[in-house]
Number of protein chains: 2
Amino acid sequence: MADIMRCAGEILRAHNDRDGIVAEIAGRLGIVEGTIYRYFPTKRDLIIQVAEDWYEAMLADYDRELAGITGTAARLRFMIWRHLTVMHDEPAMCRLVLDELRADAGYRKTSIYELNRQYTRRTLAIVKDGIASGELRADVPLTMIRDMIYGGIEHHTWAYLRGEGDFSPTQAAEEIVAIIYRGIAVPTDTPERAGALTRLEDVATRLERIAQNQIPER
Amino acid sequence: MADIMRCAGEILRAHNDRDGIVAEIAGRLGIVEGTIYRYFPTKRDLIIQVAEDWYEAMLADYDRELAGITGTAARLRFMIWRHLTVMHDEPAMCRLVLDELRADAGYRKTSIYELNRQYTRRTLAIVKDGIASGELRADVPLTMIRDMIYGGIEHHTWAYLRGEGDFSPTQAAEEIVAIIYRGIAVPTDTPERAGALTRLEDVATRLERIAQNQIPER
DNA sequence: AGCATTTAATGAGCTGAGCTCATTTATACG
DNA sequence: CGTATAAATGAGCTCAGCTCATTAAATGCT
């Protein structure tokens, strides 16, 4: 049974075509297809089980590593970098999880949904902490931040898997953090700050006139 | 033949399970499965053809509507809103296209790849124009912007399709544009601006002293 | 140790979807 | 009207997922 799952994992990693894997597993293990169905009611259940186990182990490592990192930006950067790295190194497993997450809503929800909620909840927590500490604005739409981060990571990875060159998780993480933090617009003043500046400039102008009139400062 | 494709489109829209659609089409049209294979070498080719036609028509409308909009932010907002709306209204067709885009690199590239490149090239062009006009910073990583916009849109839509509430394309587009433009960090001054402010504040302080000493301004 | 009972494994074979092809039916043309 | 070309048919093949009656192995009990 553990053999079956290990073997399934190997095959799923090797060719991302999921057809015929039951026969393939049986062949490799020297057992018969029917035996596999003693342990897994259906091929889909076997695949989901493999995906779940992998996802769970991945999250455990994640938490351990994340625990040592402090600061909103550093923690965000780490999570993004980690996700990019995992997708870069384990695209087949990621695809399993993502396919399951995107399956029809009618299907019985697997525990992958729950694992995923736990996962993204960590990201939301980091952003919330950032808001609480005053580093991030209070009005940011939390779930959209999450969607853009993970969506961006995945899009970036698909392009890579499509064969459009390689990518560096470190650099990509840096780019994502930069965009999320600063945006892309040329910085302009907020109305308040702009107003303050204008008032200060008025003052400066008056002072200039004072100077030109040779009026002593004190 | 046109009947087959129209019928295939209807079925693909109705149930997002793609198994048995050949028999389904034949049944609905009162023909036999073999007839379908006179026009399409394989089921996959039929599906791709349907997806391509839909994608092409969608892009044509897109261009027509986009032509009437000026300004970097407005054009970006429109493209994002449009993509959100399409995914909201036609998730099944979008899934076909996306699945094809994410298929194995070994497969012969369909024209969907090319259509998609055209599509995202429009977005890149808008960002480039924004840089040229001075509205956007020159150092933004173009493809990552694209990945985050479209990835964010898709993630947002998957959550909706998973049954996690509805969403408003207009509001979602606004949120995405806001994040992309401003980022989420609390605004801080650039070194130059901070320096200028400091100098101005020094001036203001001196002026204050002048006023306190009752020295006439002129 | 020897028998009974429960559990595991087998392999033949069913199902259903994609697909093929020899044959039949319809259409076009001189 | 007859022939040539194109279109449609339906029987049936393949292959993957899956079932189940039967056989083999393991476990428990006296």
Side-chain angles (χ1 to χ4, degrees), chain A residues 1-54 92-93 95-97 99-100 102-104 106-108 110 112, chain B residues 1-54 92-93 95-100 102-104 106-110 112:
Chain A
M1 161 136 181
D3 292 339
I4 293 171
M5 287 185 58
R6 187 181 35 71
C7 190
E10 285 169 17
I11 293 166
L12 288 166
R13 265 170 256 259
H15 17 115
N16 55 5
D17 173 17
R18 256 162 263 175
D19 281 2
I21 76 160
V22 187
E24 176 84 21
I25 295 167
R28 288 201 193 183
L29 295 179
I31 60 176
V32 103
E33 287 185 49
T35 304
I36 292 167
Y37 288 93
R38 277 196 57 79
Y39 299 100
F40 302 96
T42 167
K43 184 182 84 162
R44 181 166 178 263
D45 289 276
L46 164 58
I47 291 176
I48 288 176
Q49 193 66 52
V50 171
E52 259 176 36
D53 283 16
W54 173 82
M93 285 293 128
R95 197 183 287 258
L96 290 190
V97 170
D99 282 358
E100 190 50 38
R102 267 147 219 187
D104 199 358
Y107 282 55
R108 169 186 60 85
T110 62
I112 287 183
Chain B
M1 161 139 181
D3 292 340
I4 294 172
M5 288 185 55
R6 188 181 35 71
C7 190
E10 284 169 16
I11 293 166
L12 288 166
R13 264 171 256 258
H15 17 116
N16 55 4
D17 173 16
R18 255 163 264 173
D19 281 2
I21 77 161
V22 187
E24 176 85 21
I25 294 167
R28 287 201 194 182
L29 295 178
I31 60 178
V32 103
E33 288 185 47
T35 305
I36 292 168
Y37 289 92
R38 279 195 56 79
Y39 299 100
F40 302 96
T42 166
K43 185 182 84 163
R44 181 166 179 263
D45 289 277
L46 165 58
I47 291 176
I48 288 176
Q49 193 66 51
V50 171
E52 259 176 36
D53 283 15
W54 173 80
M93 286 293 128
R95 196 183 287 257
L96 290 190
V97 171
L98 293 173
D99 282 357
E100 191 50 39
R102 266 147 219 188
D104 199 357
Y107 281 56
R108 169 186 60 85
K109 294 214 188 308
T110 61
I112 286 182

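Below, all heavy atoms of this structure are taken into account, side chains as well, without hydrogens, waters or symmetry copies. The model shown is predicted, which means the values in this text are computed figures rather than measured ones.
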Which whole-number value in Å describes the distance from Lys43(A) NZ to dC15(D) C1'?
12 Å
For Arg18(B) and dC19(C), what is the distance between atoms CZ and P respectively, to the nearest whole Å?
14 Å
Can you tell me how far C1' of dG11(C) sits from CD1 of Ile36(A), to the nearest Å?
14 Å
Grab the CD1-C1' distance between Ile25(A) and dA16(D) for me, whole Å please.
13 Å
Using a 4.5 Å cut-off on heavy atoms from C-beta on, say whether the side chain of Ile112(A) contacts that of Leu96(A).
no
Rounded to whole angstroms, how far apart are CZ on Arg44(A) and P on dC18(D)?
11 Å
Detail all sub-3.5 Å separations between protein N/O atoms and N/O atoms belonging to nucleotides 8-10 of chain C.
residue, atom, partner, partner atom, Å
dA8(C), OP2, Arg38(A), NH2, 2.8
dA9(C), OP2, Tyr39(A), OH, 2.3
dT10(C), OP2, Val32(A), N, 3.4
dT10(C), OP2, Thr35(A), OG1, 2.8

Donor-acceptor pair, side chain of Arg18(B) and main chain of Arg44(B), under 3.5 angstrom:
no
Mind calculating the distance between CD (Glu33(B)) and C1' (dG12(D)) to the nearest angstrom?
12 Å
Grab the CG-P distance between Asp19(B) and dA16(D) for me, whole Å please.
14 Å
Given the rule in the side chain to side chain contact (heavy atoms under 4.5 Å, CB included) test, do Val97(A) and Glu52(A) qualify, once you have shown the distances and angles that lead to the verdict?
CA-CA 8 Å; Val97(A) 170; Glu52(A) 259 176 36; over 6 Å; no
Would you mind reading off the distance between Leu29(B) atom CG and dA8(D) atom C1', rounded to a whole angstrom?
13 Å
How about Trp54(A) and Gln49(A): do any of their side-chain heavy atoms sit closer than 4.5 Å?
no
Is there a side-chain contact between Ile11(B) and Arg28(B), using heavy atoms and a 4.5 Å cut-off?
yes
Between Asp99(B) and Arg102(B) (salt bridge meaning N to carboxylate O under 4.0 Å), is one present in this structure?
no
